[in-house]
Amino acid sequence: MNSYLWNLKFKNRMEYNFREIENKWRGFWAENKTFKVTEDQTKPKFYVLDMFPYPSGAGLHVGHPLGYIASDIYARYKRLQGFNVLHPMGYDSFGLPAEQYAIQTGQHPALTTEENIARYRDQLDKIGFSYDWDREVRTSSPEYYKWTQWIFKQLFDCYYDNKTNKAERISNLVSVFEANGNSEINACSDCETIFSAAEWEAFDERKKEEILQEYRLAYLADSWVNWCPALGTVLANDEVVNGVSERGGHPVEQKLMRQWSMRIKAYAERLITGLDTVDWTESIKDQQRNWIGKSVGCSLQFQIPNSKFRIEVFTTRPDTVYGVSFMVLAPEHPFVDQITTAEYAEAVANYKKEASLKSERDRQADVKNITGQFTGAYAIHPFSGEKVQIWIGDYVLASYGTGAVMAVPCGDQRDYDFAKHFNIEIINIFADVDISEAAYTEKDAVIANSDFLNGLDAKSAIKKAIEVIEAKGIGKGKTNYRLRDAVFSRQRYWGEPFPVYYKNELPYLVDDVNLPIELPEVDKYLPTEDGEPPLARAEKSAWNFSQGHRMEYNTMPGWAGSSWYFLRYMDPKNEQAFVSKEKADYWKQVDLYIGGSEHATGHLLYSRFWTKFLFDQGYIGFDEPFAKMINQGMILGRSSFVYRVKDTNKFVSNYMKDQFEVTALHADISLVDNDKLDIEGFKAWRSEFANAEFICEEDGSYICGNEVEKMSKSKYNVQTPDELVEKFGADTLRMYEMFLGPLEQSKPWDTKGINGVHNFLRKLWRLFNIDESGKANVSAEQPSKEALKTLHRTIKKMSDDLDRYSFNTGVSNFMICVNELSDQKCNNKHILQDVIIMLSPYAPHICEELWIKLGNKEGEINFATFPKFDEAMLVEANISYPISFNGKMRLKIELPTAFGPKEVEEAVLANADAQKYLDGNTPKKVIVVPGKIVNIVM
RNA sequence: GCGGAUGUGGUGAAAUUGGUAGACACGCCAGACUUAGGAUCUGGUGCCGAGAGGUGUGCGGGUUCGAGUCCCUCCAUCCGCACCA
């Protein structure tokens, strides 16, 4: 039967009506709660999570669902494999935009947030995600932030014990203080004073609390913070990029403020080693390692003659200690004024002033410019006993290490440059190394000129030096981290209130029974006249609970709620605990986490920190939150341009624009189809174009130019998923977003190919020969060998591709499969049913519909069994062997599959076509890879 | 400067352990059918060449019977870090 007759036979068939189908199944899933999950002990679990969105006023554009679609496909695939899949969604709904909007309009951020969430939900529902919406969480709801507050309380009530290497309760610490003081405590702490048990007992409540604050994992301290005047709040280090705020790009300055902080430093080592246990990209792991900035070395003290001061430095190269020819302190170092001699006092004061006027950003930008000032003071080299000059210089950072360095110009380029610039002696302590041009920073030279270190390589010299330093009691082996404690207060309204009140300005925790502390109503979302945060505006009666002299006025940062939300999904309604131990033990880690890579040093680090803490305290049984993570690439926009001839209202088509002097203007992409401008639409778009004239191509069309840019409203290149769902349906959108290319890669959005995917679904639909009554005309007979081969090849490729998260090749597999089945005129029920089971993760609506058309029960396709691959179905009697000569493929020869290498070789050499290429020569060698290829070497 | 990623037709891309480079799709060309549709179907389409053939995965080398894939050098683009002692 030719194709025309084939089409005629089913002339009256029903077309693929995606609108009707998708509406129907969206409703069905919601009504029947198809994707609701419980902790089913009889099934293995699988946890697939998306980074939850901040519900912004702009809604979703096509870039957002990319990751959601991939994770949904994976979740649905895992269900078909018999897993009990937790696949939830929620909203990170505290944050600045809603608050900024509130400041402008007076509208309560809760209302804006509510509206935005409704819009997001509507958009998400249209795409057909298989979320269990009964588990939705919102970080801004009191039922949720009650537990954020509760976790904060636990952090406040714990310290980090370096001996047990985990977080322990403050009450343990107090018992030790009462029994022995703090001399035997080895904890992560800012406490520098040593006290005895008797001294502890004698301290008053204020003093005791001050000391405890230096141990607590959540603590209040005066610290230098990134103050952003434009946003009226402090920012964490990861929220400051190149000296300006990440959001809005406002300037940031350093300010000393009393702030809540999180002692994340305590976990620095575990945050590094834990990276080896998770399957994330190297790039993200490197970013985290970099941010934590571990360096191993030792501390070392330098005496100052006739002075009580000793300058402590941190160095990673104690092996180069004999190369020290001067020292440099940060201008802010506390000893500077006290050691500076009278002769240099003025110069030092001037230098300090200059340095203080430079912002952090300027200091970084000014690396090339070497500055410094001699203090007139000297230190004694701890080994040689020689006097070395003490300088101050802003290349030494007050906030890293001890704020002082021993300068080794022969081994450190910065020290070298400094020494050259100020004509300070450079001692060479490397054997056979030339340092006349630059410092030698490699660690492969032999040490010389260094007394007891002579002849050693760097590695053993470092070890030896530390031993001697420790034996002399002038320092010890030490590991330093660049990671700073994270500031945890924000002077804003729209965030979690702290479960904290003050009595005589000492902080106390609110009892659990009084949680949550809800956000009080305020008259304005602005700071008070005297600069207190917005919450200070609240009347005492506006608080649902208050105690002491006042409540805490700061709120928590954005990352508080997002640091543990993946745990709440496991047990979202629990009123007794943030998550029950049983449920956490069932669901465990997130098995697959999909989201953007921009959270590398923020959310992804903080949630690892909190997870480790909650693990230490026994609330959960794992200490890494996300076992496997994939970072989806950004979807860029494709902007369209029209070209206006200068000083006119005439527009010239792309290919002729070079003949004129033109200005390129963005044209709204909804007015452009295949680069062809809808001229009437364009005239109507904006009044200034109403009378525009157009210089068109010969066929009368106006062709636009195009360019790839970030998607944004101002570039008129935003594609919302809604328009595409309307035009092509959700199944087409889902498949097309996957078809675009590998998930991790950034790519421009272009709808050019979307018809291809849409046509694929139509072609699939046609295979079922659905007549006007809506019945599929399929054969229930034994499928053909051909069809089985197509099916099983597809099964194999689909499971392989999904197992390696290759979603784009998955789409091609289906296209090949449907193309082949169409060619075979296959309408076999068994084959088609297995195909739609496999396809249902990608295109769930159409597959649900086809599933019932085959006479199955509604909704059951979601829990069907993924077809099993049978190798035997692919076995053929013959193989078409590619025959290459010297590695170049020349011809193919059909040979029996059963042939061994020898038989293949003989058959090939006997073949007439092959002999043509041999041209009478005897091959040097014949390589036969059975089932694959033959290579003849001439 | 350091670290990571990427580089394949006109376009998006595929090639999982070294084994037929360009699957699949878009676009384009030619054609069929027609109740004219964003429909369907057939054939073609890396480049050069009329053809035989040659050539081809950023550049240049190497290993191998055989390299997009492994090794070395270099180039380009993107991302992160960057006085961290």
**Student:** Just call it for A:N813: base, sugar-phosphate, or nothing, with non-hydrogen atoms closer than 4.0 Å on any strand.
**Tutor:** nothing
**Student:** If you assign A:G401 and A:M815 each to the RNA chain B nucleotide with the nearest heavy atom, which residue ends up on the more 5' nucleotide?
**Tutor:** A:M815
**Student:** Under 3.5 Å for both donor-acceptor distances, Watson-Crick or wobble: does B:U45 have a partner, and if so which one?
**Tutor:** B:G27
**Student:** Quick one: the side chain of A:N290 and the base of B:C81, do they pair up donor-acceptor inside 3.5 Å?
**Tutor:** no
**Student:** So which protein N/O to nucleotides 4-12 of chain B N/O distances come out below 3.5 Å?
**Tutor:**
| residue | atom | partner | partner atom | Å |
| --- | --- | --- | --- | --- |
| B:G12 | O2' | A:L740 | O | 2.5 |

**Student:** Using only heavy-atom distances, decide whether a donor-acceptor pair under 3.5 angstrom links the side-chain of A:K763 to the base of B:U40.
**Tutor:** no
**Student:** Apply side chain to side chain contact (heavy atoms under 4.5 Å, CB included) to A:E354 and list each qualifying residue two or more places apart in sequence or on a separate chain.
**Tutor:**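 Per chain and number, A:E354 pairs via side chain to side chain contact (heavy atoms under 4.5 Å, CB included) with no residue.
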**Student:** Where each residue is assigned the nucleotide of RNA chain B containing its nearest heavy atom, which of A:I927 and A:T402 is assigned the position nearer the 5′ end?
**Tutor:**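 On the 5' side of the pair lies A:I927.
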**Student:** With a 3.5 Å limit on both atom pairs, tell me what B:U16 is paired to, counting Watson-Crick and G-U wobble, or say none.
**Tutor:**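 Across all strands, not a single nucleotide pairs with B:U16.
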**Student:** Flag the pair A:W749 / A:Y736 as yes when their ring centroid distance falls below 6.0 Å, and as no otherwise.
**Tutor:**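 Yes, they do, as the ring centres are separated by less than 6.0 Å.
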**Student:** Does B:G7 have a Watson-Crick or wobble partner in any strand here, with both distances under 3.5 angstrom, and which is it?
**Tutor:** B:C75
**Student:** Enumerate all atom pairs, one protein N or O and one N or O from nucleotides 54-60 of chain B, separated by less than 3.5 Å.
**Tutor:**
| residue | atom | partner | partner atom | Å |
| --- | --- | --- | --- | --- |
| B:G54 | OP2 | A:R890 | NH1 | 3.2 |

**Student:** Contact class for A:D417 (heavy atom, under 4.0 Å): base, sugar-phosphate, or nothing?
**Tutor:**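 Nothing, no nucleic acid heavy atom in range.
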**Student:** Across the strands shown, which category fits A:V929 at heavy-atom distances under 4.0 angstrom: base, sugar-phosphate, nothing?
**Tutor:**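 Since a base atom lies under 4.0 Å of A:V929, the category is base.
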**Student:** Using purine N1 to pyrimidine N3 plus N6-O4 or O6-N4 for Watson-Crick, or N1-O2 and O6-N3 for G-U wobble, both under 3.5 Å, which nucleotide pairs with B:A39?
**Tutor:**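 Answer to the pairing question: none, since B:A39 forms no Watson-Crick or G-U pair.
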